[in-house]
Each structure stands twice: as structure tokens, then as C-alpha cells.
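Let me begin by presenting the structure, written as C-alpha cells, before commenting on it.
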Number of protein chains: 2
Amino acid sequence: MPAANARFCPPPAMPHRAAAPAGARKAATHLVDAFDRRILELYRQNTRLAADAIGEAVGLSATAVQRRLKRMREHGVIRAEVALVSPAALGLDTTCIVGVDLEREGPEALDRFRARMARCRQVTQCYYVTGASDFVLIVQVENMNAFVDFTREWLTPDENVLAFTTQVVMDRAPAG
Amino acid sequence: MPAANARFCPPPAMPHRAAAPAGARKAATHLVDAFDRRILELYRQNTRLAADAIGEAVGLSATAVQRRLKRMREHGVIRAEVALVSPAALGLDTTCIVGVDLEREGPEALDRFRARMARCRQVTQCYYVTGASDFVLIVQVENMNAFVDFTREWLTPDENVLAFTTQVVMDRAPAG
DNA sequence: AGTGAAACTTTGGCACT
DNA sequence: AGTGCCAAAGTTTCACT
């Protein structure tokens, strides 16, 4: 198997909080009907699709599709519209999955750790989980040296990090 | 902590292969210069940004920005432009991280398993990794019952699946 | 929800550095 | 090569029916 690793660059990673105005998001409960679902199914995969084409596919006029998209954006059903960038093109050839064990697991310690990871550009996803570890991180770096640097800067110095286990990604499926 | 789980719906999950014409992708080596990087930095997070605004930010005309975006799309630097949908809005309230151990790990067995997972709608990411397990899956489902259904349909019946471990996601950070 | 016109963004050609 | 300017084509957005 070729040394092809990560295929997609991480989702956009909530850039500056300014991009997500605090009050702008609603509960996003089931205010999506069958039409909305079909629109999302298409639009989710390709935001360059014209409302015209979507409308034809789902049996609605272009304007109706636009209105629904706008409503779903405002209601937080659509959280963001982003570009998936090839990590390789940016020189990020290595993906690691890191399980982190914390020493203390109080609410404030969890929040502190999560906030730290959110500030870290290498961490593209951060899950707080039950089970074997407390957190699971998806880390995107240039190479293994950069990964070691990452651990020395963000994990090892953290007194609350008891231990961590690393799995290096050899290949990744887009998973449709 | 509230039972808020996943915040974002999975990246688009390479829909139908038709969307990525086989011959259309190039090596995506370092044909990105400093301008391209700055454009991507902005555009990646928000594809609704007008080329005009990007151009102003990076010191280029709108046309130049458009041209560069087009080139990066053709060269596979930009793999896709997708919408991040709130999983909760779609009724997908539960995310699990599953480590899978395979019995046999030959190339053909790996490919078979990966292909299987790619066909499975619940699996939004699938990593082939070194270390404790062979694969790591990110699984998005309605609730825990649906997760059990998932394992009974996709993991347990697979003779090559030796064992799997599940971590339930309680919260997820966008991770900037 | 659908139809129109206005505003916008993207795409093309052409001259320039 | 790549960029900038300007006009055409397309798309989105806004009235109104």
C-alpha cells in the first residue's frame, strides 16, 4: 500500500469565534421537513450546486430552495459552508489519533483541556468520550517529527495529562 | 455537563464517485504559493466569502482570486466544497468512536473491510491505523439503540472482525 | 409557493508588467 | 508565466402575485 495517508484536510475548525455570532443559533430541533432533508442531502456534499439544479432534483423552484437554505443557515441547521483542502497540498502528510487520559476529570479540568486543544492548530477534531480514554484527538501534522513536537508542546507539559496513546493513520476512507 | 454530543455533521463523505472524476485529480504537490495559502486560509472556513473580499484581504484582484481557486479545484488542492450540517437537526444525536480489530490483516482483507465501511451510511470517517486497533471508525447514529443495530449489522456478522471497542462521544470541540 | 426584475458574483477576453 | 480591467453570463436576492 502506498504511503498515501490523509485524504481530506480537516473541517474548517471554527475559525474565529466572530464567525459564529453567539446569539445567532437556535435549537435546531425538527424544523426540517422532507424537502429540507432532500435538499441537504445534495447540498451537503457540494455547495457549488446551483439552487436551480437542486430544485429540479427535489421538485421545487430555485427560489424555494434558496429560501429553505437561508432558513436552515439562520436556524443553525447548516452550521458552515467550508472547503475540504488536500492536507498533502499544505504539507500536512501525517494524521494521528490520540487517546488522552486525564488525571483529574472534574468539569473545570475538562473544560480547560478542551479549551487548550481548541487553541491548537494541529488538533482538527477533539472528542470527549466515555471508555478507555477521556479524550480522543485527531491531529494533523507535517510528519512524525512534527507530531513529537506537538506532544512536547501540548500534552507532555500539561500536568493534568496522565498518559496518551497514539495511533498513526496509514490510510483513511472518505466513508460514504 | 448537558447531554450535548456531536456539534457537526460529518464531512460530506465522498458521495457518488461521479462527483470526483477519476482522471481529474493531479498530484497536488507544492504548486501552492504564499498567496494561495492565504486565500485557502480564508476560503476554507467559509466558501460563501466573495472573491472580492478575499482579494482585498490578501492584496489581489477578485479575478486573480477566482483564477487561483479554480486552479486549486482542478489540481485537487481543493477536494470539495461542502456544508456542515447539525447532526441534531437530522436526528443524529449520538457519535461513537469504534476501534476495530481484524482477525486477518492481509491487504485484500483490509481493502474488503474498508470497502464495506465505505458503503455504510453511519460511518462518517474510517481510519486504517497502527497501534492498538486496526481501524478507527467515527460512527454517527440516532441513539444508542441505533448504534447497537449498527454493530449487529456491520461488525458482529463480519467473520474477520475479531473484536471492537466503543467510546461514546459526550461532547466534541470544533477544535480551532 | 411561484414569477419577475434588480443586485450580486463568477467567467470570459484583451492589454499590460 | 501571472495580473488587472471591463463586459457577458450566470446565480442569488428581493420585491410582488
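Here is the naming used below: chain letters follow the sequence lines, and residue numbers restart at 1 for every chain.
Atom pair B:His75:NE2 and D:dA1:C1' shows a separation of 13 Å (rounding to whole Å applied). Look at CZ on B:Arg71: it is 12 Å from P on D:dA1, rounded to the nearest Å.
The stretch residues 57-69 of chain B participates, sequence neighbours left out, in these salt bridge (Lys or Arg N to Asp or Glu O under 4.0 Å) pairs: B:Asp33-B:Arg68, B:Asp36-B:Arg68. For residues 55-74 of chain B, no residue pair satisfies the ring pair (Phe, Tyr, Trp, His ring centres under 6.0 Å) rule, not counting sequence neighbours. The stretch residues 46-62 of chain B participates, sequence neighbours left out, in these salt bridge (Lys or Arg N to Asp or Glu O under 4.0 Å) pairs: A:Glu81-B:Arg48. Among residue pairs with one or both ends in residues 82-104 of chain B, none qualify as ring pair (Phe, Tyr, Trp, His ring centres under 6.0 Å); sequence neighbours excluded. For residues 96-107 of chain B, there are no salt bridge (Lys or Arg N to Asp or Glu O under 4.0 Å) pairs, not counting sequence neighbours.
Between the base of C:dG2 and the side chain of A:Arg67 there is a donor-acceptor pair shorter than 3.5 Å.
In this model, the phosphate group of D:dG2 is not approached by any side-chain N or O of B:Lys70 to a distance below 4.0 Å at OP1 or OP2.
Taking the ring pair (Phe, Tyr, Trp, His ring centres under 6.0 Å) definition, one finds that A:Phe135 meets it with A:Phe113, A:Tyr128, sequence neighbours left out. Contacts of B:Gln167 classified as side-chain hydrogen bond (donor to acceptor under 3.5 Å, both in side chains), with partners at least two apart in sequence or in another chain: A:Ser133. A:Phe147 pairs by the ring pair (Phe, Tyr, Trp, His ring centres under 6.0 Å) definition with A:Phe150, not counting sequence neighbours. Applying the side chain to side chain contact (heavy atoms under 4.5 Å, CB included) criterion to B:Thr165, with sequence neighbours excluded, gives no partner residue.
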List every contact pair, protein side and nucleotides 10-12 of chain D side both N or O, where the distance is under 3.5 Å.
{"residue": "D:dT12", "atom": "OP2", "partner": "A:Ala51", "partner atom": "N", "Å": "3.1"}
{"residue": "D:dT12", "atom": "OP2", "partner": "A:Gln66", "partner atom": "NE2", "Å": "3.2"}
{"residue": "D:dT12", "atom": "O5'", "partner": "A:Gln66", "partner atom": "NE2", "Å": "2.8"}

Check nucleotides 4-7 of chain C for protein N or O atoms closer than 3.5 Å to its own N or O atoms and list the pairs.
none

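DNA chain D contains the following stems of three or more consecutive Watson-Crick or G-U pairs, with both distances under 3.5 Å: C:1-16 with D:2-17.
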